[in-house]
Amino acid sequence: MHLKPLTSLRFLFALMVFVSHLDFLRTSDYHWLRTTYQDILVEGYIGVSFFFILSGFILTHAYHSKINTSNPENKKFFIARIARIYPLHFVTFLIAVPLMFWGQEIDGKGWLLGLSNATLTQSYVPIKELYFSFNGPSWSISCEFFFYLCFPFLLRFFDKIGQFKYYLTGVLVLAILILPDFIDQQWHHGLFYINPLFRVVDFILGIVLYDFYVHLKSKKVLINFTKLELFSIGVFMLFFSLRHSVSETALYSVFYWFPMMGIILVFAFQKGRLSEILSHKYAIWLGEISFGFYMLHHLVLRYFTLGNGKLEWITNDYIIIGLLLCISMVAAGISHRYFEVPLNKLIRQKWK
């Protein structure tokens, strides 16, 4: 069963990441834009946590009855996931090469950075120059690739240990809460926000959340889901309003786990008025192009900033935001229809 509202929500959270990257607004001549960016929009990076939890939830929904470690379904799963993320990742990596080395000679360090990106291993080393190199947002794809490698084995392991998986998940959550006290602050961003060995906890929470969803779905309870959807959004907004009361490290993932899990759980039922709106074909289309939008928007921003900064074609920041959004969406739509979907099918057919 296609969980349509969750597909559509992917675009909204990708949009949050998009606005967080509009760094030029820090020095905007427009007071409202400048303060809105500094106070609200810059926090949009939290959308990545939603993607990681949602990934665990959706993959469990799609594969929980198919995968085990000795089944050909494992091979189909890995091929499907590679076909989904790698082609666009590699193309955006190539598009980013001129931005990395324009007017420079590619030395040994440059080749190392390139190799780490090409192999989706850039997020393992907590060095900003490495994990944000080339197409910056691809660090999260490095994490996703690690999650995919772990997924069949996690499912099998969780099936074996039964109810104990909930205690194990609790221990992992507790570890993420405690570990910052024993690690120097300078490594927090590279580990707790970037590193897949830490962010896999988000993914595991998505897997466990799916169990809770299945359990609740088996209960015949009369609930006003529209109110519940509004409530889940309200809880998320409440947490967002309290963001200044916790450490920056907590904001990287832990702080938003609960409200994001709540949104995923509630909208997975697809029974409220908001779910009905999010199930509209245009909303679903936005969700389907969200991966391309996420992967392309930063490159659009960087190339536009490079060209506009030299030629000064446009100085109105409102127009610039609109142009960046439109170009990113058009590029994502073209990518999805003429590149991602056809190549995905081709790879899956060739290696089935």
Side-chain angles (χ1 to χ4, degrees), residues 9-26 28 33-56 89 92 96 122-123 126-144 146-147 176 180 185-203 205-206 233 236-261 263-264 290-302 305 321 324-325 328 332:
L9 282 171
R10 277 167 28 200
F11 180 77
L12 295 179
F13 280 89
L15 192 61
M16 289 174 60
V17 177
F18 167 81
V19 298
S20 74
H21 287 151
L22 301 177
D23 199 57
F24 63 91
L25 294 180
R26 290 183 188 275
S28 175
L33 276 181
R34 188 171 63 252
T35 55
T36 300
Y37 178 80
Q38 293 173 347
D39 295 341
I40 298 175
L41 302 185
V42 72
E43 304 289 339
Y45 67 86
I46 63 176
V48 177
S49 294
F50 178 84
F51 296 143
F52 289 165
I53 298 171
L54 181 65
S55 182
H89 161 69
T92 55
Q122 70 269 38
S123 62
I127 298 174
K128 190 174 182 178
E129 185 182 11
L130 177 60
Y131 56 70
F132 279 164
S133 60
F134 293 91
N135 185 25
S138 67
W139 71 265
S140 65
I141 309 306
S142 172
C143 289
E144 287 282 2
F146 174 74
F147 302 160
I176 296 297
Q185 179 73 34
Q186 66 175 320
W187 303 112
H188 283 196
H189 183 265
L191 293 175
F192 295 100
Y193 184 63
I194 301 291
N195 196 288
L197 299 176
F198 289 77
R199 295 315 298 263
V200 74
V201 179
D202 301 57
F203 184 73
L205 285 171
I233 294 171
F236 175 76
M237 293 175 67
L238 174 63
F239 271 71
F240 187 78
S241 70
L242 297 173
R243 64 191 181 280
H244 296 303
S245 63
V246 298
S247 69
E248 186 178 17
T249 303
L251 294 176
Y252 291 152
S253 58
V254 177
F255 184 68
Y256 290 106
W257 278 345
F258 177 75
M260 287 184 176
M261 289 170 69
I263 288 174
I264 292 170
S290 63
F291 177 61
F293 179 79
Y294 177 79
M295 291 296 289
L296 290 164
H297 80 274
H298 201 244
L299 293 173
V300 171
L301 171 61
R302 291 169 69 189
T305 302
I321 294 170
L324 291 172
L325 180 60
S328 297

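These numbers were taken from a predicted model, which means no experiment stands behind them.
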*asked:* Taking CD in E248 as the centre, count heavy atoms belonging to other residues, nucleotides or ligands within less than 6.0 Å. Is the count above 12?
replied: no
Got [X] and [Y] here, is their nearest side-chain heavy-atom distance under 4.5 Å?
X	Y	result
H89	N135	no
C143	W139	yes
F255	L242	yes
F52	S140	yes
F239	I46	no
R10	Y294	no
L25	I321	yes

Under the 3.5 angstrom rule, does the side chain of [X] hit a backbone N or O of [Y] as a donor-acceptor pair?
X	Y	value
R243	F240	yes
H298	H21	no
S138	I141	no

*asked:* Could you walk me through whether R199 and F147 satisfy the side chain to side chain contact (heavy atoms under 4.5 Å, CB included) test, starting with their C-alpha distance in whole Å, then the side-chain angles of each, then the deciding distance to 0.1 Å, before giving a yes or no?
replied: CA-CA 9 Å; R199 295 315 298 263; F147 302 160; 4.0 Å; yes
Pairwise distance [atom1]([X]) to [atom2]([Y]) - rounded to 0.5 angstrom:
X	Y	atom1	atom2	answer
L41	F18	CG	CZ	10.0 Å
F203	S49	CZ	OG	14.5 Å
L54	I263	CG	CD1	11.0 Å
F50	S55	CZ	OG	11.0 Å
H189	Y45	NE2	OH	8.0 Å
L15	L9	CG	CG	12.0 Å

*Quick one: sort the F13 and F51 rings into parallel, tilted or perpendicular, breaks at 30° and 60°.*
perpendicular
*side chain to side chain contact (heavy atoms under 4.5 Å, CB included) assessment of S328 paired with L296*: CA-CA 6 Å; S328 297; L296 290 164; 5.8 Å; no
Quick one: closest heavy-atom pair of [X] and [Y], and the distance?
X	Y	answer
P196	S123	CD-OG, 3.2 Å
G292	A332	C-CB, 3.7 Å
G136	R302	N-NH1, 4.5 Å

*Name of the residue among F198, W187, Y193 meeting side-chain contact (heavy atoms from CB on, under 4.5 Å) with P126*: W187
*Can you tell which of L325, L33, V42, L324 makes a side-chain contact (heavy atoms from CB on, under 4.5 Å) with L22?*
L324
*List the steps, then state whether side chain to side chain contact (heavy atoms under 4.5 Å, CB included) holds for D23 with Y37.*
CA-CA 8 Å; D23 199 57; Y37 178 80; 3.5 Å; yes
*asked:* The test is side chain to side chain donor-acceptor pair (under 3.5 Å); show your working for S133 and Q122 and say whether it passes.
replied: CA-CA 8 Å; S133 60; Q122 70 269 38; over 6 Å; no
*Any chance you could lay out the ring-ring contact (aromatic ring centres under 6.0 Å, His included) test for F293 and F11, step after step, and finish with the verdict?*
CA-CA 8 Å; F293 179 79; F11 180 77; 5.2 Å; yes
*Can you tell me which residue pairs pass the salt bridge (charged side-chain N to carboxylate O under 4.0 Å, His left out) test with a partner in residues 126-142, sequence neighbours excluded?*
K109-E129
*Check against side chain to side chain contact (heavy atoms under 4.5 Å, CB included), F146 and L197*: CA-CA 8 Å; F146 174 74; L197 299 176; 3.6 Å; yes
